[in-house]
Asks: 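Have a look at the structure that comes next, please.
All values reported here derive from a predicted model rather than from experimental measurement. These values consider heavy atoms only, across backbone and side chains, with no hydrogens, waters or symmetry-generated copies.
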Amino acid sequence: MYACGAISPRLHVRARSHLTSPSCTRAEPSRLTFIIKTLTGTELNSVPSEYTYVKNPNDQGDASAPEHSIPTIDFSHLTSSSPELRSKAVEELGRACQEWGFFQVINHGVPESLMKSMIEACHKFFELPEEEKKEFQSKKLLEPIKCGTSFNVAIDKVRLWRDYLKVIAHPEFHALHKPAEYSDVSFEFSKQTRQVATELLSGISESLGLEAEYIAKAMNWDRGMQILAANYYPACPQPDLAIGIPPHTDHGLVTLLIQNDMGGLEVQHNGQWVLVDCAPGSFVVNIGDQMQILTNDKYKSVWHRAVVNNRATRISIAVPHGPALDTAALPIPELLGGEAPKYIGMSYEEFMELQASPAAYMMPCLDHLRVKAE
């Protein structure tokens, strides 16, 4: 069975009535969301005032400097039958999680052709006429399929130079019926990406001295969330005065990201913003807030942002993987070593709601859960 809004991976839904039922009809926005795709389709020579975001150039690090190169994890070593290769890969994975919170994964087995097809399918969606995308606009946090612009137009202080498409792929698979190829491509991509994420989670567990399946079992990984979050960043006439996504951390356990040929992901490392330069066909992976809670701050959920350019459209697809919605992350007792837990519990669904609320503008989400010193 498929959840409300879901379709079989082998079927394409032809009409909206197939996507909805009285119990899960999409909430219509109170007004039509202003889409960045429409804005940039006009003759635009400057950034409108509501999109103006000024970055501090003194915080920019040199991406070519060796100390600003994100670690590389060879997935074939992590899954190797050789104990020596796997042990070394687990050690490197743990070091990357502790020192960076970001790394790239190569030799992961997901065909580069599939990754490119996924990017192209999402690009085709963003190129659809705005009237055809209206049916997927929604204010509901966990709407199975939704698109929009900025982050939260109702509370954003600055509009973001991006449009987005978010589709829940696990525990229930959902897919768009347009463009036609999206359903089959996203089904295969989400399946293979989740396999990579599962192996990475096992490696992370082992790097902490736990059993390989410890985190997966504790977080009810078999019912865990997987979201395909595509971002559309069109060329910007004044990229230094706009932002694709401002500094943030991810809410889940691990996020895997792919992008087209245009870079734009920046990571905060040692107090500086560093543009991530990743190998073609690789996944860029980062640790999320739930993992920081589980490890009691040993593995950090690192701040990152998306910058824009004036040359060409950038498409990225971030795939956050999280616990089951009803599962609360708490510091793992075996990792405390006499140290007091630094976080209280909150279900993953409540945590996601917190991140999307005005409270997240007042202080980082993790600080809402941090145990206050007496």
Side-chain angles (χ1 to χ4, degrees), residues 33-37 39-40 47-48 50-56 59-61 63 70 101-102 119 122-123 125-126 141 146-167 227-236 238-252 254-260 262-269 272-278 283-289 301-322 351-352 354-358 360-361 363-366:
T33 303
F34 196 61
I35 305 293
I36 194 70
K37 170 71 167 57
L39 176 67
T40 56
V47 172
E50 63 267 32
Y51 288 88
T52 301
Y53 181 98
V54 180
K55 299 178 283 292
N56 184 352
D59 292 341
Q60 199 68 40
I70 66 170
F102 262 84
I119 291 172
C122 291
H123 198 173
F125 172 81
F126 289 118
L141 177 65
K146 70 175 182 177
C147 67
T149 193
S150 202
F151 176 67
N152 186 335
V153 175
I155 60 176
D156 284 343
K157 296 178 181 178
V158 176
R159 294 285 186 91
L160 308 185
W161 203 265
R162 70 119 184 203
D163 291 339
Y164 67 81
L165 167 67
K166 296 181 180 179
V167 181
I227 304 173
L228 303 180
N231 299 295
Y232 176 92
Y233 308 102
C236 177
Q238 296 174 294
D240 291 339
L241 296 180
I243 192 75
I245 304 179
H248 65 285
T249 60
D250 288 358
H251 49 67
V254 291
T255 299
L256 280 66
L257 178 138
I258 63 173
Q259 61 186 2
N260 63 358
M262 300 304 299
L265 172 64
E266 291 190 341
V267 178
Q268 193 174 59
H269 184 63
Q272 292 188 303
W273 289 103
V274 182
L275 183 66
V276 173
D277 182 19
C278 55
F283 280 109
V284 177
V285 181
N286 65 281
I287 295 302
D289 293 343
S301 180
V302 176
W303 291 87
H304 52 288
R305 66 187 185 185
V307 297
V308 294
N309 71 84
N310 59 6
R311 302 184 306 279
T313 295
R314 175 176 180 246
I315 302 285
S316 72
I317 303 173
V319 190
H321 295 78
F351 191 89
M352 293 175 71
L354 173 64
Q355 192 193 54
S357 74
Y361 281 83
M363 71 170 75
C365 291
L366 284 175

Asks: Could you walk me through whether Phe102 and Leu265 pass side chain to side chain contact (heavy atoms under 4.5 Å, CB included), step by step?
Replies: CA-CA 11 Å; Phe102 262 84; Leu265 172 64; 3.9 Å; yes
Asks: A side-chain contact here means heavy atoms from C-beta on lying under 4.5 Å apart; do Cys122 and Ile317 qualify?
Replies: yes
Asks: In Å, rounded to the nearest 0.5 Å, how long is the span from NZ of Lys166 to CD1 of Ile227?
Replies: 7.0 Å
Asks: Under the criterion side chain to side chain contact (heavy atoms under 4.5 Å, CB included), I'd like the reasoning laid out for Val276 against Gln259: C-alpha separation, chi angles, the key distance, then a yes or no.
Replies: CA-CA 11 Å; Val276 173; Gln259 61 186 2; over 6 Å; no
Asks: Restricting to non-hydrogen atoms, name the atom on Trp303 and the atom on Pro364 that form the minimum distance, rounded to 0.1 Å.
Replies: CZ2-CG, 3.8 Å
Asks: Find out whether Pro48 and Arg159 are in side-chain contact, i.e. whether some heavy atom of one side chain is under 4.5 Å from a heavy atom of the other.
Replies: no
Asks: Would Phe351 and Leu366 satisfy side chain to side chain contact (heavy atoms under 4.5 Å, CB included), going step by step from the backbone distance to the final call?
Replies: CA-CA 9 Å; Phe351 191 89; Leu366 284 175; 4.3 Å; yes
Asks: Do His248 and Gln355 come close enough that some side-chain heavy atom pair is under 4.5 Å?
Replies: no
Asks: So how far is it from Met352 CE to Leu141 CG, rounded to the nearest 0.5 Å?
Replies: 5.0 Å
Asks: Any side-chain heavy atom of Asp59 within less than 4.5 Å of one from Gln272?
Replies: no
Asks: Run the numbers on Tyr51 and Cys236 for side chain to side chain contact (heavy atoms under 4.5 Å, CB included), then give the verdict.
Replies: CA-CA 11 Å; Tyr51 288 88; Cys236 177; over 6 Å; no
Asks: CZ of Arg162 to OG1 of Thr149: how many Å apart, nearest 0.5 Å?
Replies: 8.0 Å
Asks: Is there a side-chain contact between Val254 and Ile287, using heavy atoms and a 4.5 Å cut-off?
Replies: yes
Asks: Determine yes or no for a side-chain-to-main-chain donor-acceptor pair under 3.5 angstrom, with Asp163 supplying the side chain and Tyr232 the backbone.
Replies: no
Asks: To the nearest 0.5 Å, how far apart are CD1 in Ile70 and CG in Leu275?
Replies: 10.5 Å
Asks: Just by modelled atom types, is the Val47 backbone N or O under 3.5 Å from a matching donor or acceptor in the Gln238 side chain?
Replies: yes
Asks: Within a strict 4.5 Å, meaning less than it, do heavy atoms of the Val54 and Leu241 side chains meet?
Replies: yes
Asks: Can you give me the closest heavy-atom contact between Ser301 and Asp250, atom names plus distance?
Replies: OG-O, 3.7 Å
Asks: Heavy atoms, side chains only, cut-off 4.5 Å: are Val267 and Val302 in contact?
Replies: yes
Asks: Output the distance between atom CD1 (Ile119) and atom CD1 (Ile315), rounded to the nearest 0.5 Å.
Replies: 8.0 Å
Asks: Give me the atom names and distance for the closest heavy-atom approach of Arg305 to Ile243.
Replies: CD-CD1, 4.3 Å
Asks: Just so I know, are the side chains of Pro234 and Phe126 near enough to count as touching, which here means a heavy-atom distance under 4.5 Å?
Replies: no
Asks: If I compare all heavy atoms of Tyr233 with all of Trp161, which pair ends up nearest, and what's the gap?
Replies: CD2-O, 3.5 Å
Asks: Looking only at non-hydrogen atoms, find the nearest pair between Leu257 and Arg314 and report the distance.
Replies: CD2-NH2, 4.4 Å
Asks: Quick check: closest heavy atoms across Lys55 and Asp240, and the distance to 0.1 Å?
Replies: NZ-O, 3.7 Å
Asks: Are the side chain of Thr52 and the backbone N or O of Ala242 linked by a donor-acceptor pair below 3.5 Å?
Replies: no
